[in-house]
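The block underneath contains the structure these notes are about, expressed in structure tokens.
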Amino acid sequence: MSGPATNRIIPETVLEPPRQSSSVEEPREAAPGVAMTFDDGPDPIWTPLVLRALEEAEARATFFAVAPLARRYPGLIRSALGNGHRVELHCSRHVRHTEMTRDEVEQDARAGLRDLAEACASPTLWRPPWGVCAPWTQEVAADMGLGLAFWTEDTHDWRGDAAGEMLDGIGDDIGPGSVVLMHDGLGPGARRKGCEQTVALVGKLSRRIRELGCEPRPMSPIPHVTDVTGGADSLEGK
Ligand SMILES: [Zn+2]
């Protein structure tokens, strides 16, 4: 016996799969983040290409900017921010904090924050040049409300290796919370003439991150790694 006829009167809309268009986006939203980070820009040639590669990969990333370059190319900073990326502080002068006094480090950060603010960025993270901290770096960062930011995976892209080699070097070592170091500019110590291999790595790395069940997105405002001892000597080219 069939039940009352009213039970079979179901509005057709109820039978439609709900929010069909978001079925691809939802797993991405829920996936844990891996941060692709780019130091030493903005660069008028390479930053736009990195931004385009990120857009094609539908990936969001973090740029640790050199403040005087941000002042010189504010449009690139705005473009990064407008595309959903984060812009954080790298430095004003690309000098190891151990080679500066406490006052100089403080001055460097203060000037950097001012320059970045003029380009509409409001950093919450600070990655010191070469990841090298002086005994006073942490204190200066805290005074300025900045978290120190390092990395867990180094592509060594400044050496000029091919994108495929860099991806092989990373392997499957990335997972939730990983922070990958790359460069969208040619900083001191760079042994390459351009960043094209970094540009090429963006899409490949984004795919790898997703294969591993994660999603490329900007670095968390809370620093993933805080290692104030920062290995100095082996960190050439950051
Ligand atoms: Zn650097």
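Both ligands and their constituent atoms are indexed starting at 1 by order of listing. Worth saying up front: this structure is predicted, and the values here are computed from it rather than measured.
Among residues two or more places apart in sequence or in another chain, the side chain to side chain contact (heavy atoms under 4.5 Å, CB included) test is passed with Arg110 by Glu106, Met144.
The backbone N or O of His183 lies less than 3.5 Å from a partner atom in the side chain of Asp157, making a donor-acceptor pair. Of the possible donor and acceptor atoms, one in the side chain of Arg60 sits under 3.5 Å from a partner among the backbone N and O of Asn83. Checking side-chain atoms of Thr62 against main-chain N and O of Met219 turns up a donor-acceptor pair under 3.5 Å.
The nearest N, O or S atom of His183 is not closer to the Zn ion (ligand 1) than 2.8 Å. The Zn ion (ligand 1) has an N, O or S atom of Asp40 closer than 2.8 Å. At least one N/O/S atom of His94, from backbone or side chain, sits under 2.8 Å from the Zn ion (ligand 1).
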